[in-house]
Amino acid sequence: MKRVKRHIDLSLKGDKNPKWHVDYLHLNSSFRLACAVCAGTSARLECELARRLGGDSVSGFGCTDCTCRSHLFYRKENPLSEIKGVFEAFGLRAVVLEC
């Protein structure tokens with residue numbers, strides 16, 4: 001949760017140095033963060049969540065430390081219910097942080 005809050009702060013305030021791929025997205029003037037979805041777990045599920053979401057993506061984004069094609073996906077329509085459904089499929093309670 002701490003890292004997610006850091007990303008939100010960076011997106012809203014631009015007050016931190018970029019450290020991860022997503023930080024550069026947050027600093028782009030064309031990007032607007034609407035919300036963040038997260039869940040507390042000790043399991044390492046980032047890659048499984050990415051596989052389940054799939055679809056249109058930015059190749060190589062956020063996945064330099066694994067073999068996934070991407071960890072950044074986009075949709076023409078609001079994907080919030082889809083994302084929450086993927087979290088729930090893993091038995092996770094999705095927390096939506098509005099920005």
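Computed from a predicted structure; not experimentally measured. The first residue in the sequence is number 1, and the count goes up from there.
Atom CG of residue Leu97 and atom SG of residue Cys35 lie 8.5 Å apart, to the nearest 0.5 angstrom. Interatomic distance, Tyr24 OH to Phe61 CZ, rounded to the nearest 0.5 Å: 10.5 Å. In this structure, CZ in Arg52 is found 13.5 Å from SG in Cys47, a value given to the nearest 0.5 Å. Annotation: the span from Arg6 atom CZ to Ser11 atom OG amounts to 11.5 Å, rounded to 0.5 Å. Atoms CZ and OG, from Arg44 and Ser42 in turn, are 11.0 Å apart once rounded to the nearest 0.5 Å. In this structure, CG on Asp65 lies 9.0 Å from SG on Cys68, to the nearest 0.5 angstrom.
Taking the six-membered ring where the residue is Trp, His26 and Phe31 present perpendicular rings, their angle passing 60° and hence far from 30°.
Across every non-hydrogen atom of Gly62 and Glu46, the tightest pair is O-OE2, 4.1 Å. Across all their heavy atoms, Val4 and Ala36 have their closest contact at CG1-CB, 3.8 Å.
Salt bridge Lys76/Asp56: absent, no basic N to carboxylate O contact under 4.0 Å.
Around atom NZ of Lys16, more than 12 heavy atoms belonging to other residues, nucleotides or ligands sit under 6.0 Å away. Counted within 6.0 Å of CG on Asp15, heavy atoms from surrounding residues, nucleotides or ligands total more than 12; the atom is thus considered enclosed.
Judged by distance alone, the side chain of Asn28 and the main-chain N or O of Leu25 form no donor-acceptor pair under 3.5 Å.
Of the N and O atoms on the side chains of Arg69 and Ser59, not one donor lies less than 3.5 Å from an acceptor on the other residue.
With side-chain heavy atoms closer than 4.5 Å counting as contact, directly or through intermediates, the hydrophobic cluster containing Phe73 also holds Val37, Leu45, Leu49, Leu53, Leu80, Ile83, Val86, Phe87, Phe90, Leu92, Val96.
Applying side-chain contact (heavy atoms from CB on, under 4.5 Å) to His21 and the options Val58, Thr64, Leu72 leaves one that passes, Thr64.
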*Check step by step if side chain to side chain contact (heavy atoms under 4.5 Å, CB included) holds for Glu77 and Glu82.*
CA-CA 10 Å; Glu77 301 297 323; Glu82 177 187 2; over 6 Å; no
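Legend: residues meeting ring pair (Phe, Tyr, Trp, His ring centres under 6.0 Å) with His71, ordered by chain and number and at least two apart, are absent.
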